[in-house]
Amino acid sequence: MNGLIEQRNMSLTVPTPSTLMKFTITFTQIPSLFITHHKNDSSALQMDMLGYYVDTTGFKTNYFSGYPIDYIAKGY
């Protein structure tokens, strides 16, 4: 095994943009992060997602507070 880690979470609610959303496993290097709004969100929200802060332990996003997101993080 080469040590590649993939973590994902669906329907994760972001309390505030300044909250660090922690990964379940800490990476040894900053991972690649892909974020989208949750498909089953009943509102009309359709906007770009941005992980504006990413480190080995988690990330912060610019998404509206209180709405769910889905993410995949890949790295080592």
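Computed from a predicted structure; not experimentally measured. What's counted below: heavy atoms across the whole structure, side chains too, no hydrogens, waters or symmetry copies. Along the sequence shown, the residues carry numbers beginning at 1.
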4.5 Å side-chain heavy-atom contact, Thr57 and Leu20: yes
Straight-line distance of Asp55 CG to Lys22 NZ, nearest 0.5 Å: 9.5 Å
Nearest-0.5 Å distance that lies between atom CZ in Phe27 and atom CG in Leu33: 8.5 Å
Criterion side-chain contact (heavy atoms from CB on, under 4.5 Å) on Arg8 and Asp70, from CA distance to verdict: CA-CA 7 Å; Arg8 63 180 77 202; Asp70 301 336; over 6 Å; no
Approximate separation, where rounding is to 0.5 Å, of Tyr53 OH and Thr61 OG1: 14.0 Å
Any donor-acceptor pair under 3.5 Å from Asn9 side chain to Tyr71 backbone: no
Straight-line distance of Ile69 CD1 to Ile35 CD1, nearest 0.5 Å: 5.0 Å
Distance, nearest 0.5 Å, that separates CD1 of Ile25 from CD of Glu6: 11.0 Å
Close side-chain approach of Tyr76 to Pro31, heavy-atom, < 4.5 Å: no
Shortest non-hydrogen contact from Phe23 toward Ala73: CE2-CB, 3.6 Å
Ile72 with Ile30, same ILVMFWY side-chain cluster at under 4.5 Å: no
Working for side-chain contact (heavy atoms from CB on, under 4.5 Å), residues Thr24 and Gln7: CA-CA 8 Å; Thr24 54; Gln7 293 186 54; 2.9 Å; yes
Rounded distance [0.5 Å steps], CD1 in Ile5 versus NZ in Lys74: 12.5 Å
